[in-house]
Amino acid sequence: MRQFDPVAALTERLRAAIVRVAGGGVTEAEALDPRIEANKRPELGDFQCNAAMGLAKRLGKNPREVAQAIVKAADLGDLAEPLTDKDIAGPGFINIRLRTAGVAALLSAFDTPALGVPRPEQAETVVVDLCGVNLAKQMHVGHLRSMIIGDAIARVFERLGWRSVRQNHLGDWGLPIAMVTHRVAEEVQAGRVSLDALTLDDLDRLYKEAQRECAADNRGLATARRWTMGPKAIAELEAQVSGAEAELAEAKGTLLRLQAREPATLRIWQRIADVTLSECLSICERLGVKVSQADTAGESSYAGELGPAVDDLLARGIAETSEGATVIRVEGLDQPCLIRKSDGGFLYATTDLCAIRRRVQKIGASRVIYCVDARQSLHFAQVFAAAVRAGFATRPGAPGPSRLQHAAFGMVLGEDHRPFKTRSGDNVRLADLIREAFERAEAIVRAKNPDLPGDEAHAIARAVAIAAVKWVDLSNDRIKDYVFSFDRMLAFDGDTGPYLLYALVRIRSIFRKAAERGVAFDPRAPFDPAAPAERALALSLLRFPSTLQSVAESLEPHRLCTLLYEVATLFSKFFDACPVLNADDPSTRASRLRLCDLTARVLADGLGALGIPTAERM
RNA sequence: GUCCCGGUAGCUCAGUUGGAUAGAGCAGCGGUCUUCUAAACCGCAGGUCGGCGGUUCGAAUCCGCCCCGGGGCGCCA
């Protein structure tokens, strides 16, 4: 049992009391839930029970009288002070104050290597879709969010004992890729670029050129004709349109050669993929995001499955033909999911369906989580529903489908609240953004602590920069847009990554000082959280395991950030109010050292679960 | 047109799924370093929770209508 969890312990005890008060008249579990919460008003108690009001309604009684009955029937043992009528407040809140010895017992039970996180009987598998980069395109802040949030979610599941499999669903197939492949082939042919020296910047430029050249201005031409503009203007537009159509036809030819695995074309495509992926993996590594080559499964890896899958779905009556295209209709959604165009081509929904099948049935995922921006909400709603209908989301032998979830996130905005762009209006290159964060962090670290050796300052700056960037992204509710500001995230004041690192550094410093003074750390010294600052910190630490669980359930990492920030601020208050090494007596010192140790482990563990590195000194 | 997401202090954001007097951080004002890292701590000030109705003992939270902002909407990915 969770013997360290005060909410669980109080729930158990008060449920017994409520069952007695209800007297069999009420039996639903929900109605008997004691509704234990952290107390909204700490001066009145540590926890509160909100059950009396709801129960009174069901029993047709006065809520305060019901509260009195609960108080009378409750036995809180050694954990909390005995309840009396004085603990009833307002309409029927019951305030509960733990005994110091009770808090100490909870802390002892919590102080295990697992920090109260239960190990599942059977490891389950979660697949996290993250990164989502496209061939030949520079990464931007949207990818940053996907990497940071996706990696954090994967790590939280790992911390809870799951097997987590990251999947970088590389956009490496389809007409746009054929367009740029064709464009690169032309450039190589003309001797303007060398395949060996190809950079992502080259590719990004060629990608945009290819897009532009293939985009026929048909609407412009129609408008020009309707308004009977001058023959010169119409001729220019006609030339543009026919040029674009020719370019497009060549790109389609390249697409066919790619699909036929024609070696010369494939070699160029492979080179484009290598350049893109190596840049992507390099950024992941610099950010401490655990994505490797092995986690990459591009759209091209599904190419052979698409046709058979669609035929299979048609044969089973799941898909149908509509206006020449193949669609899957799903209940509750007006828009059907389009899986084959009338010209026979496939769409990204087709690939995503096959990806779900592989992730669930081959990789064995009981949950598949997509860290993709919120604009894709409708797409995933369609694909998920279609996959469930098709049976693609169900593992062989499983009673029902695995959970498919879209962990959608909002946009990154600049300080002007417009989409985050450079002054010239381009996307900010991720590599540039990371470099700037590192450089700013290093300058600040060296200014704040000039005594640090150069290489250590460099390493600390890396941790600080990553903490700063990730913290902003993770500490906000992911569904909302957020405003990106180097100044704010690196200001090191308040609710920032560096503040968390600093709290941990201060604790580690205490232990270094302890060693210098020859003070031994006793990992079994009795806890005695008598001071208010100690008690507040202790109760906050105990929420760590349930918070991790709630992050896995909600896929909202910011809940963990909120807790860790609370732990860090409560530690700072404790640090200010309660001398540790300079405590009045050895037993207080030993107790406080243990509290420091627990705090450090919760902070390090929690930051680790978010993918944020720590430092020994700052 | 329709669907989805957002709107909380000057700014940036939380709010444990319906609980008490809505909380932090920045910015502002005022305090605290001869003692474990002041990247800190303490205090003051700051609010029609977009608006109006409804549900009930009780609403930032649930329901309805409206306002503002962003996004999506069958043959692009």
Side-chain angles (χ1 to χ4, degrees), chain A residues 7 35 37-41 44 48 50 53-54 56-57 62-63 89-93 95 132 134 171 173-177 299 322-327 333-343 345-349 351-352 373-379 381-382 408 410-411 413 415 417 419 444-445 448-449 464 472 475-477 479-483 485 487-488 491-496 498-499 501-503 505-514 516-517 519 543 546-547 550 554 558-559 561-563 565-566 569 572-573 575-583 592 596 617-618:
Chain A
V7 174
R35 314 267 313 270
E37 296 177 5
N39 205 303
K40 284 275 161 44
R41 300 178 61 179
L44 297 179
Q48 61 188 77
N50 295 341
M53 288 79 78
K57 190 191 283 185
N62 177 309
F93 299 108
N95 292 308
N134 295 304
W173 208 243
L175 190 56
I177 305 304
E299 292 177 332
S322 165
E323 295 169 39
T326 307
V327 304
L333 289 174
D334 298 336
Q335 332 271 1
C337 183
L338 211 70
I339 57 172
R340 186 161 64 194
K341 299 191 278 183
S342 48
D343 70 1
F346 303 108
L347 297 106
Y348 75 141
T351 312
D352 276 332
D373 83 87
R375 285 174 303 190
Q376 308 282 332
S377 296
L378 176 59
H379 166 69
Q382 292 174 325
M411 281 191 298
L413 306 176
E415 293 184 71
H417 287 214
I444 295 168
V445 167
K448 294 264 185 196
N449 196 344
V464 165
V472 190
S475 62
N476 289 313
D477 191 351
I479 197 64
K480 297 185 182 175
D481 298 345
Y482 81 91
V483 176
S485 160
D487 287 332
R488 208 159 51 77
F492 299 8
D493 295 322
D495 189 357
T496 63
Y499 176 89
L501 262 43
Y502 179 62
V505 157
R506 296 218 282 183
I507 302 174
R508 289 174 171 168
S509 176
I510 291 173
F511 284 95
R512 273 199 303 275
K513 276 281 187 328
E516 282 171 25
R517 297 188 196 177
V519 176
R543 301 218 317 273
S546 60
T547 303
S550 95
S554 64
H558 80 276
R559 297 180 186 223
C561 293
T562 303
L563 175 72
Y565 180 64
E566 183 186 293
T569 54
S572 286
K573 293 176 204 287
F575 184 87
D576 217 65
C578 304
V580 179
L581 298 177
N582 302 328
R592 287 180 178 169
C596 287
R617 298 197 287 171
M618 282 173 77

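Per chain, numbering begins at 1; letters A, B, ... match sequence-line order.
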Pick out the pairs of N or O atoms, protein on one side and nucleotides 31-35 of chain B on the other, that lie under 3.5 Å.
{"from": "B/rU35", "atom 1": "O2'", "to": "A/Asn582", "atom 2": "ND2", "distance (Å)": "3.3"}

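- Checking the phosphate oxygens (OP1, OP2) of B/rC41, a side-chain nitrogen or oxygen of A/Tyr499 falls inside 4.0 Å.
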Which protein N or O atoms sit under 3.5 Å from an N or O of nucleotides 3-11 of chain B?
{"from": "B/rG7", "atom 1": "OP1", "to": "A/Lys480", "atom 2": "NZ", "distance (Å)": "3.0"}

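- RNA chain B is contacted by both A/Gly54 and A/Ala325; A/Gly54 maps to the nucleotide lying nearer its 5′ end (nearest heavy atom per residue).
- When heavy atoms are screened at a 4.0 angstrom cut-off, A/Leu333 is found touching no nucleic acid atom at all.
- Across B/rC36, B/rC13, B/rC26, the shortest atom-to-atom separation from the side chain of A/Lys513 is found for B/rC36.
- In the set B/rG74, B/rA20, B/rU37, B/rG74 carries the atom at the smallest distance from any side-chain atom of A/Glu323.
- Between the side chain of A/Ser342 and the base of B/rC75 there is at least one donor-acceptor pair of N/O atoms closer than 3.5 Å.
- Between the side chain of A/Glu566 and the base of B/rA24 there is no donor-acceptor pair of N/O atoms closer than 3.5 Å.
- At the heavy-atom level, A/Ala89 lies under 4.0 Å from base atoms of the strands shown.
- Here the nucleotide nearest the side chain of A/Tyr565, chosen from B/rC76, B/rA24, B/rA39, is B/rA24.
- In this structure, the ring-ring contact (aromatic ring centres under 6.0 Å, His included) partners of A/Tyr565, at least two apart in sequence or on a different chain, are A/Tyr499.
- Among the protein residues, A/Asp352 comes within range of no part of the nucleic acid, since none of its heavy atoms lies under 4.0 Å from any strand.
- Residue contacts for A/Leu378: at a heavy-atom cut-off of 4.0 Å it reaches the sugar-phosphate backbone alone, with no base atom in range.
- B/rA60 and B/rC52 have their P atoms separated by 12 Å, given to the nearest Å.
- Proximity of A/Lys573 to the phosphate of B/rC42: a side-chain N or O atom is located under 4.0 Å from OP1 or OP2.
- B/rA27 atom P lies 12 Å from atom CG of A/Asp487, rounded to whole Å.
- Syn is the glycosidic conformation of B/rU17, whose angle stays within 90° of 0.
- Backbone-only contact: A/His558 has heavy atoms under 4.0 Å from sugar-phosphate atoms and none from a base.
- Base orientation of B/rC68: anti, the glycosidic angle falling outside 90° of 0.
- Among the nucleotides B/rC73, B/rG74, B/rA38, the one closest to the side chain of A/Phe575 is B/rA38.
- Residue A/Asp495 has its side chain nearest to B/rG25 when only B/rG25, B/rA77, B/rA20 are considered.
- A donor N or O paired with an acceptor N or O is not found under 3.5 Å between the base of B/rA27 and the side-chain atoms of A/Asp493.
- As rounded to the nearest Å, B/rG28 and B/rG51 have P atoms that lie 29 Å from one another.
- Within 4.0 Å (heavy atoms only), A/Asp373 reaches no atom of the nucleic acid at all.
- Closest contact between the side chain of A/Pro91 and the listed nucleotides B/rC57, B/rA40, B/rG74 involves B/rC57.
- For A/Tyr502 and B/rA39, a side-chain-to-base donor-acceptor distance below 3.5 Å is absent, hydrogens and geometry of angles not being considered.
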